[in-house]
**Student:** 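My questions all concern the structure below.
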Amino acid sequence: MKTYTNTGNKDTRSGFGAGLTELGKTNENVVALCADLIGSLKMDEFKANHPERFFQVGIAEANMIGLAAGMTIGGKIPFTGTFANFSTGRVYDQIRQSVAYSDKNVKICASHAGLTLGEDGATHQILEDIGLMKMLPGMTVINTCDFNQTKAATIAIADHHGPVYLRFGRPKVANFTPENQTFEIGKAVLLTEGNDVTIVATGHLVWEALEAAKTLHDKGISAEVINIHTIKPLDDKAIIDSVSKTGCIITAEEHNHLGGLGESVARVLAKHHPTPQEFVATNDTFGESGTPAQLMEKYGLNANAIIKAAETVLKRKN
Amino acid sequence: MPNTQQLQDLTTQVRRDILRMVHKVNSGHPGGSLGCAEFFVTLYQEIMDRKDTFDMDGIGEDLFFLSNGHISPVFYSVLARSGYFPVDELNTFRLINSRLQGHPTTHEGLPGVRVASGSLGQGFSVALGAAEAKKLNNDTHLVYSLHGDGELQEGQNWEGIMYAAANNVDNIISTIDLNGQQIDGSTDDVLPMGSVRAKFEAFGWIVVDIENGNDIAAILEGMAKAKSLSGKGKPVCVLLKTVMGNGVDFMMHTHAWHGKAPNDEQLAIGLAQNTETLGDY
């Protein structure tokens, strides 16, 4: 099977920062807004390079979203930066009316998503944001898996007209996708080919899926791993093509099983190709304080959980 | 010097439009719309420097944002009568497949509207963003916005109001419609706001009063003063004292007609008090 090499752990939020720095040089219409989290969002370099295009709004996320919507009137491409919780749940109505319904070209960039935020605990660990955002008509929803992909996605969304939710995280994780890749919104990436089970993963769970596939391979199970970085619009064809071959599927995400990637995949399959599916996701619960690794183990969001899910779904296949 | 009689005639016609629009669909918000008729007419006819055609970016012209979107009848009437879309389209207000939704939106592509509003308290932020974009584009035109007084109870406003002064957004003139009424009663009964002037001043804004916000000459004078105070490092706020339901005697000085349409008989009385000037749609 095809294997991937971790070129060194890096945080996805730094990929966002690097992408934004690049955009600052190449696209003069790109502006950035931040709600008192410049360091956490890695926006320092953009701010230093382009102080006139950087807007510190203070701890006022609702105003930040509205400002961003207004800045599009006049041709600017605003990138807002704060934690995922404050990027979505806190400002849902502002995004709904001033951005999505108004079709404003705002890029909502959200760090510290999910349990891997770690010790800060459940107040900050949003596990509902993919669901919230994918329900908004016209909203593109992206959850990147590593530094390189996050950088590429940040650059790519500037050229896409329309609102985008870009979700990434805090911890340093494996960096394994190609440097300077071209990011294609809505196009799934086939990572390993396999015949027995499909594993569709997003965000931090993509690397875990690859680790799981190695163990499954050793057990004689051939897993096909697909990186679904774009949850909306979903690459229906990639999913249907894969399960047509394997006959069963696991979805893996750092999100509630209600409203996440898994439900989007289930909708596609129920309509076009009913298939046994297992969900690696949180089970309608809040998180808690702990290290990222402890939390991912406790809430069943790692390679071990994917392996167990594979064994379960394979039994359901026949 | 503008011809105030022409503006007055247009205002009377706008009042008729408002009454007929909400009556036809037995829904909508006539009270605040009537109270702001003089303001809208004066703003669009005399105050703003506008292009003849509409484009979303609005570079090289003044912009207007309506934050209290429920007074869409007055907004639509004045937009139509200022040439943004055919006056006959007012017939479609709140009907299915119309561009004239219950609350204004860009979603159906109605010329003259640059953002959706209706869920209250979001207009300050959007208008400030547009003002910041104008600065980035070296566009010296102004951004105008209108907000209800009850709407100031929404917290997001104060985030924007604080941001504006802190960042010297001095190319915005935001008007507060001080009619003292909201859905459940007077603003003093529902959630007393104290001195709106003192609040804006404390937040670093320049404040201009228009004591009679239903008098065209007073609006002209007040808005000219506001304009002269723009570009001086501070945002400018206009406190426009209006009478809800102005021009239709039984709708005045009460919150009762905030979101209620007149019946046939009430419409006839209202229209009789505002005789046709420029022709009904």
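Keep in mind it's a predicted model, so treat the numbers as computed, not measured. First the proteins, then the strands, lettered A, B, ... as listed; each starts at 1.
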**Student:** Sort by residue number and list every residue of residues 19-31 of chain A having at least one heavy atom under 4.5 Å from chain B.
**Tutor:**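 Listed by number: A:Val31.
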**Student:** Could you tell me whether B:Ile183 atom CD1 has more than 12 heavy atoms of other residues or ligands within 6.0 Å of it?
**Tutor:**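 No, the 6.0 Å shell around CD1 holds no more than 12 heavy atoms from other groups.
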**Student:** Look at atom CD1 of A:Ile59 and say whether more than 12 heavy atoms of other residues, nucleotides or ligands are closer to it than 6.0 Å.
**Tutor:**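 Atom CD1 in A:Ile59 is not packed in, count stays at 12 or less.
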**Student:** How long is the straight-line distance from CG of B:Leu136 back to CZ of A:Phe55, given to the nearest 0.5 Å?
**Tutor:**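 Spacing of CZ (A:Phe55) from CG (B:Leu136) equals 4.5 Å.
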**Student:** Heavy-atom pairs under 4.5 Å with chain A - which of B:His107, B:Met56, B:His103 has more of them than the others?
**Tutor:**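 The candidate making the most pairs under 4.5 Å is B:His107.
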**Student:** Could you measure the distance from the OG atom of A:Ser98 to the CD atom of B:Gln156? Nearest 0.5 Å is fine.
**Tutor:**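 With rounding to 0.5 Å, OG (A:Ser98) is 6.5 Å from CD (B:Gln156).
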**Student:** Does any part of the side chain of A:Val57, heavy atoms only, come nearer than 4.5 Å to the side chain of B:Glu159, both counted from C-beta?
**Tutor:**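 A side-chain contact under 4.5 Å is absent here.
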**Student:** How far does OG of B:Ser119 sit from CZ of A:Arg96, to the nearest 0.5 angstrom?
**Tutor:**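 Answer for the OG-CZ pair, B:Ser119 versus A:Arg96, is 8.0 Å.
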**Student:** With a 6.0 Å cut-off (strictly less than), is the heavy-atom count around CD of A:Gln56, excluding the residue itself, greater than 12?
**Tutor:**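 More than 12 heavy atoms, drawn from other residues, nucleotides or ligands, come within 6.0 Å of this atom.
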**Student:** Do you know which of A:Asp93, A:Val91, A:Val99 has the most heavy-atom pairs under 4.5 Å to chain B?
**Tutor:**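 Heavy-atom pairs under 4.5 Å are most numerous for A:Asp93.
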**Student:** Hey, what do you get for CD (B:Gln101) to OH (A:Tyr101), rounding to the nearest 0.5 Å?
**Tutor:**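 Result: 5.0 Å between the selected atoms.
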**Student:** Name the region of B:Ile59, side chain, backbone, both or neither, that has any atom closer than 4.5 Å to a heavy atom of chain A.
**Tutor:**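 Just the side chain, heavy atoms under 4.5 Å.
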**Student:** Using a 6.0 Å cut-off, check whether atom NZ of B:Lys51 has over 12 heavy atoms from anything other than its own residue.
**Tutor:**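 It does: B:Lys51 NZ has more than 12 such atoms within range.
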**Student:** At a heavy-atom separation under 4.5 Å, does B:Phe65 approach chain A through its side chain, its backbone, both, or neither?
**Tutor:**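 It is the side chain, since no backbone atom gets that close.
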**Student:** For chain A, which candidate among B:Thr105, B:Asn167, B:Leu63 shows the most heavy-atom pairs at distances under 4.5 Å?
**Tutor:**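 Ranked by contacts with chain A, first place is B:Thr105.
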**Student:** Would the number of heavy atoms belonging to other residues, nucleotides or ligands and lying under 6.0 Å from CG of B:Asp49 be above 12?
**Tutor:**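 Above 12, so yes.
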**Student:** Using only non-hydrogen atoms and a strict under-4.5 angstrom cutoff, which residues of residues 61-79 of chain A touch chain B?
**Tutor:**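 A:Glu61, A:Ala62, A:Asn63, A:Gly66, A:Leu67, A:Ala69, A:Gly70, A:Met71, A:Thr72, A:Ile73, A:Gly74, A:Gly75, A:Lys76, listed by number.
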**Student:** So with a 6.0 Å cut-off around CE of B:Met162, is the heavy-atom count from everything else above 12?
**Tutor:**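 Result for CE/B:Met162: open.
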**Student:** Does CZ belonging to B:Arg99 count more than 12 external heavy atoms closer than 6.0 Å?
**Tutor:**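 Yes, because the 6.0 Å sphere around CZ of B:Arg99 holds more than 12 heavy atoms from other groups.
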**Student:** Identify which of B:Ala166, B:Ala116, B:Ala133 forms the greatest number of heavy-atom pairs closer than 4.5 Å to chain A.
**Tutor:**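 Option with the greatest count: B:Ala116.
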